[in-house]
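Working notes for the structure below.
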Number of protein chains: 2
Amino acid sequence: MATGRTHRPATRSRGIPEATVARLPLYLRALTALSERSVPTVSSEELAAAAGVNSAKLRKDFSYLGSYGTRGVGYDVEYLVYQISRELGLTQDWPVVIVGIGNLGAALANYGGFASRGFRVAALIDADPAMAGKPVAGIPVQHTDELETIIRDNGVSIGVIATPAGAAQQVCDRLVAAGVTSILNFAPTVLTVPDGVDVRKVDLSIELQILAFHEQRKAGEEAAAGVAADRAAGPARSAAVAGREDSATDQGPDGDVPAVMPA
Amino acid sequence: MATGRTHRPATRSRGIPEATVARLPLYLRALTALSERSVPTVSSEELAAAAGVNSAKLRKDFSYLGSYGTRGVGYDVEYLVYQISRELGLTQDWPVVIVGIGNLGAALANYGGFASRGFRVAALIDADPAMAGKPVAGIPVQHTDELETIIRDNGVSIGVIATPAGAAQQVCDRLVAAGVTSILNFAPTVLTVPDGVDVRKVDLSIELQILAFHEQRKAGEEAAAGVAADRAAGPARSAAVAGREDSATDQGPDGDVPAVMPA
DNA sequence: ATGTCTTTGTGAACGCGTGCACAAAGATTG
DNA sequence: CAATCTTTGTGCACGCGTTCACAAAGACAT
């Protein structure tokens, strides 16, 4: 799950659960592919397989949108594409600004997925004066000074932050002050925003670290050889450790033997 | 939430809930910042604020790792940094390969977050022969032909896919066959992998679409002017629609009036 | 030592999300 | 028109994750 949302009732969004909303783009992608192959209808089973989810879950998800299927037949592909697009608000074009045109910002600007479906890169913004005017992905980079003007003139409500971590909060504040109410943050920082502003975070190193955790666990399971009490020493604990070994509550008697790779 | 996991018991991973694992990197980052400022101890309240989470949640998360705090004082920063690093498997260096050195791949290769904490870019791989040998981020790009050799020689278990969608599954299959068991996928595709292989997905357009959904909802709430029965026509439904209006079960009588922006 | 004050660790309750399993709906066939 | 077959839509139960609220633990002052 993508994370980083400024708390709010969180789930209830016109009745559609957050988890369902997060899957709608997945369904939409699968449906678009079917549409391009001129497939007229699809069953929940087929579509679920294409989207990589459980078919019951898919049916329940669609039930929040309404009864768009036909029993005994399945779902009409074109109709469903339209309904989901409308639900996600992709029948209109959202102008988006990307702030921070480094390697990542440039990659984002060139990313076809933006322009293709519902989004339009309204402007690229960077703090480096040397970048100003230089075209990236066919769009000239503009200086940060013009941020407010760009936001207001284009009616931008979605901003993408691809700056270094140090600049992210400041950029965020300016975006919000200028009227942006949804932010996609690539900078490795926790952004603080006022109520009513949505933030979604994409963090590469966090994803990698989660993978590393599972990878380590896998390695530890295999190497279930003689690993018992070689718990790493690490830096000396400055404060007291207190009753660790005997404070086993209900977590299981194994405590926290890491079973880490001996390597 | 990042999504896309090849189902498995999912949560139970040596007792630590998935949701907690996903937050550990967040805590680690906040703690590292404190460590650099030579802050000796931190309370759950302070740390939670820095990480952008609830303090009770943070304490419960830490309780899965063990009792590392001192009541009345808080947590020892250095000790906690070490414990979380160890738990995440960052005390060892994970060699990582990046496949697909386009705009995004190059951005990833240049991303400082990789090298800094537990990860090392072992190789950059691209299918374009013209790219071969060209250095990106100081590392020469190698051709896809050498993928298997690179994986085996370097003992790589984590792969990053930054190829176009069309090539992703094929690259994935080769990575897995060569021994990779964790994949971070940036291509907008559902990857199919055998059991025992973890996949995490980062999908820019999905994140944007989720934002668009909420943005639309906000706009619709404000513009609660006279919007009632102008439900868009859309493409003609080919199959029968059946009882839509009257099949209101318990979803509420409002049915699915989208309250969409008139624009 | 004793008391007070701070902060952790966690039991318990609640709510959301998931998946099963089945009844209802409709297509299709005879 | 009746019977059969397919597939949807959903009631229900279960489990994970979040949050509250508080007792226990320890620091610190007297």
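When reading the values below, keep in mind they use all heavy atoms of this one structure, side chains included, and skip hydrogens, waters and symmetry mates. A quick note: this is a predicted structure, and the numbers were derived from the prediction, not measured. First the proteins, then the strands, lettered A, B, ... as listed; each starts at 1.
- The CG atom of A:D76 sits 16 Å away from the C1' atom of C:dG26 (whole-angstrom rounding).
- Counting distance only, with no hydrogens placed and no angle test, the side-chain atoms of B:K60 and the base atoms of D:dT18 include no donor-acceptor pair under 3.5 Å.
- Distance from the side chain of B:N54 is smallest for D:dC20 among the nucleotides D:dG17, D:dC20, D:dT8.
- Side-chain nitrogen and oxygen atoms of B:R23 include at least one within less than 4.0 Å of the OP1 or OP2 phosphate oxygen of D:dT18.
- Between B:Y79 atom OH and C:dT8 atom P there is a gap of 16 Å when expressed in whole angstrom units.
- Note that CG of B:D198 is 4.0 Å distant from NZ of A:K218, once rounded to the nearest 0.5 Å.
- Remark: B:L191 CG to B:I161 CD1 distance equals 5.0 Å, nearest 0.5 Å.
- Proximity note for B:S43 (side chain, C-beta onward) versus D:dT8, D:dT18, C:dT8: the nearest is C:dT8.
- Note: A:Y79 and A:Y68 meet the aromatic proximity criterion, with ring centroids under 6.0 Å apart.
- Atoms CG (B:L58) and P (C:dG9) sit 10 Å apart, rounded to a whole Å.
- Atom OH of A:Y64 and atom P of C:dG17 are 7 Å apart (whole Å).
- Atom C1' of nucleotide C:dG19 and atom CZ of A:R59 are separated by 10 Å, given to the nearest angstrom.
- In this structure, A:R71 atom CZ and D:dT7 atom P are separated by 13 Å, rounded to whole Å.
- The nearest whole Å value for the distance from the CG atom in A:L80 to the P atom in D:dG9 is 10 Å.
- Here C:dC20 is the nucleotide among D:dT18, C:dG17, C:dC20 with the atom lying nearest to any side-chain atom of A:A56.
- Taking 4.0 angstrom as the limit, B:S44 places a side-chain polar atom (N or O) nearer than this to OP1 or OP2 of C:dT8.
- Under 4.0 angstrom from either OP1 or OP2 of D:dG9 there lies at least one side-chain N or O belonging to A:Y75.
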